Amino acid sequence: MRLALSLLFTLLLAAPVHPQTRPLHTRDFTRLSHPQIAAQLAQADVIFIPVGAVEANGTQPTGRDYVWPLAYSMVMAEAAGGLYLPGIAWSFPGTTRPAPSTIHITPQSSLVGLKALAHSLLKQGFRRQVYVSGSHGPAALTLGTLAREFFEETSVPILYVNLDTQWTRLQISAADRQRALYGAHKITNRLEDLPLAGDYAEAPHSFPQNKGLAALGRLGLGGSLHVGSWIADEMAHGGAGPLPQSAAEREQWAREGEAIVRRHVEQLDIPAAMAALKEHDRFTQEVILPKFRQRLQP
């Protein structure tokens with residue numbers, strides 16, 4: 001009996017101690033404690049990083065193109081059982097540099113900051129990183145380069161999800177995208193940022209016409225990935241489209257839009273994408289690197 005009790009006592013002393021950890025109350029990395037993040041990492045090494053810009057968007061909020069990927073990242077994190085990292089609102093804005101409401105950061109500066117973040121997250125244990133942009137064409141200049149250069153430096157694949165290309169692939173209508181904008185602002189608790197009809201005077205506004213740029217666009221050669229350009233007027237970017245007549249109607253649009261956002265994320269099949277990313281990483285480490293190690297040293 002004494003021997004049995006002694007063995008039991010020894011086993012109890014040797015057993016690892018697991019202090020109680022508060023369950024996740026959010027998937028926002030910046031609102032969680034170290035014990036919560038450490039426990040989450042043991043479950044899934046997945047994190048979503050929304051990247052946008054702060055720039056002139058007519059009568060719409062300057063952070064509009066950041067709210068899109070933020071909302072999608074929040075829903076994606078739920079679907080994948082991962083976390084999301086908010087706050088990456090500052091990146092290259094593109095054509096709106098002349099407007100005083102635009103925060104201008106060069107593509108190179110954006111890339112330097114994002115790459116430092118990616119290296120830090122990898123060292124912290126987040127091997128599956130997903131960077132998300134939406135409704136912001138210039139994002140591909142930095143995020144596409146980030147995904148490629150980070151892989152060349154570390155041999156670890158990270159993923160860039162460009163919602164613009166996914167909306168096209170999934171044949172999402174312009175009307176659904178407009179509703180999804182309201183849903184994104186509801187998901188991120190920013191709905192009041194979107195204006196109502198009558199909030200702004202409807203004074204006529206004419207813009208100088210850049211005929212050369214328009215011609216390049218018709219030839220499929222316009223946009224930030226093809227040619228440099230600036231807007232010809234501070235109000236010439238980011239039209240609001242039809243506006244809700246009341247706060248109640250805005251709320252109704254937001255409820256419809258949230259359902260659309262969640263449906264889009266379901267169509268993207270994020271769990272399958274995360275499984276595929278993990279398998280791609282495994283194949284890279286176990287097959288490609290041993291075969292070509294001397295040529296592929298970072």
Side-chain angles (χ1 to χ4, degrees), residues 48-58 60 62-73 76 88-99 101-118 129-153 157-174 177-178 180-181 184 207-239 241 264 268 273:
F48 296 84
I49 304 96
V51 180
V54 176
E55 63 175 337
N57 282 306
Q60 291 189 342
T62 57
R64 182 195 67 179
D65 296 343
Y66 164 66
V67 172
W68 282 108
L70 173 59
Y72 274 81
S73 293
M76 288 175 177
I88 316 300
W90 321 103
S91 68
F92 176 59
T95 64
T96 60
R97 181 179 177 183
S101 55
T102 291
I103 304 296
H104 178 70
I105 300 174
T106 67
Q108 293 89 346
S109 297
S110 300
L111 179 60
V112 168
L114 286 165
K115 192 181 289 186
L117 171 65
Q129 302 176 34
V130 184
Y131 293 78
V132 185
S133 74
S135 188
H136 187 58
L141 289 169
T142 50
L143 294 178
T145 305
L146 169 69
R148 187 70 238 183
E149 288 195 3
F150 186 80
F151 180 70
E152 296 292 340
E153 293 173 8
I158 59 177
L159 188 64
Y160 169 37
V161 176
N162 186 338
L163 292 174
D164 291 354
T165 59
Q166 294 302 317
W167 285 327
T168 300
R169 182 180 71 84
L170 296 173
Q171 299 181 323
I172 305 301
S173 69
R177 285 183 60 174
Q178 183 67 15
L181 174 64
F207 311 129
Q209 298 300 308
N210 187 336
K211 295 181 179 180
L213 185 62
L216 286 170
R218 289 193 295 271
L219 294 170
L221 300 172
S224 296
L225 302 183
H226 299 283
V227 63
S229 66
W230 289 318
I231 54 174
D233 188 273
E234 293 94 333
M235 294 294 291
H237 179 265
H264 290 175
L268 290 170

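Note that this is a predicted model, so its numbers are computed, not measured.
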Whether the side chain of [X] engages the backbone of [Y] through a donor-acceptor N/O pair (distance < 3.5 Å, no angle test) should be reported.
X      : Y      : result
Asn57  : Glu55  : yes
Gln171 : Arg169 : no
Asp233 : Phe207 : no
His237 : Ala56  : yes

Within this structure, what is the [atom1]-[atom2] distance for the pair [X] and [Y], rounded to the nearest 0.5 Å?
X      : Y      : atom1 : atom2 : answer
Ile105 : Leu111 : CD1   : CG    : 12.5 Å
Asp164 : Ile172 : CG    : CD1   : 12.0 Å
Arg148 : Glu152 : CZ    : CD    : 4.5 Å
Arg177 : Thr168 : CZ    : OG1   : 6.5 Å

Does a side chain donor of either [X] or [Y] reach within less than 3.5 Å of an acceptor in the other side chain?
X      : Y      : answer
Ser109 : Thr106 : yes
Thr96  : Thr102 : yes
Tyr66  : Ser91  : no

Going by the angle between their ring planes, with limits at 30° and 60°, are Phe92 and His104 parallel, tilted or perpendicular?
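Plane angle over 60°, so perpendicular.
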pair [X]-[Y]: side-chain heavy atoms closer than 4.5 Å:
X      : Y      : result
Arg97  : Ile231 : no
Thr62  : Ile103 : no
Val67  : Gln60  : no
Trp167 : His264 : yes
Leu268 : Met76  : yes
Phe151 : Ile158 : no

Criterion side chain to side chain contact (heavy atoms under 4.5 Å, CB included) on His136 and Val51, from CA distance to verdict:
CA-CA 9 Å; His136 187 58; Val51 180; over 6 Å; no
Could you report the tightest heavy-atom contact between [X] and [Y], atom names first, then the distance?
X      : Y      : value
Phe48  : Ser73  : CB-CB, 3.9 Å
Leu163 : Gly134 : CB-CA, 3.8 Å
Pro69  : Ser133 : CB-CA, 3.9 Å
Tyr131 : Leu143 : CB-CD2, 4.1 Å
Ser224 : Thr95  : OG-CG2, 4.4 Å
Trp230 : Pro98  : CB-CG, 3.9 Å

Among Val130, Leu117, Val132, side chain to side chain contact (heavy atoms under 4.5 Å, CB included) partner for Ile49:
Leu117
For Leu225 and Leu141, run side chain to side chain contact (heavy atoms under 4.5 Å, CB included): C-alpha distance rounded to whole Å, both residues' side-chain angles, the deciding distance at 0.1 Å, then the answer.
CA-CA 7 Å; Leu225 302 183; Leu141 289 169; 3.5 Å; yes
Verify side chain to side chain contact (heavy atoms under 4.5 Å, CB included) between Tyr160 and Leu146, making sure each step is shown before the conclusion.
CA-CA 9 Å; Tyr160 169 37; Leu146 169 69; over 6 Å; no
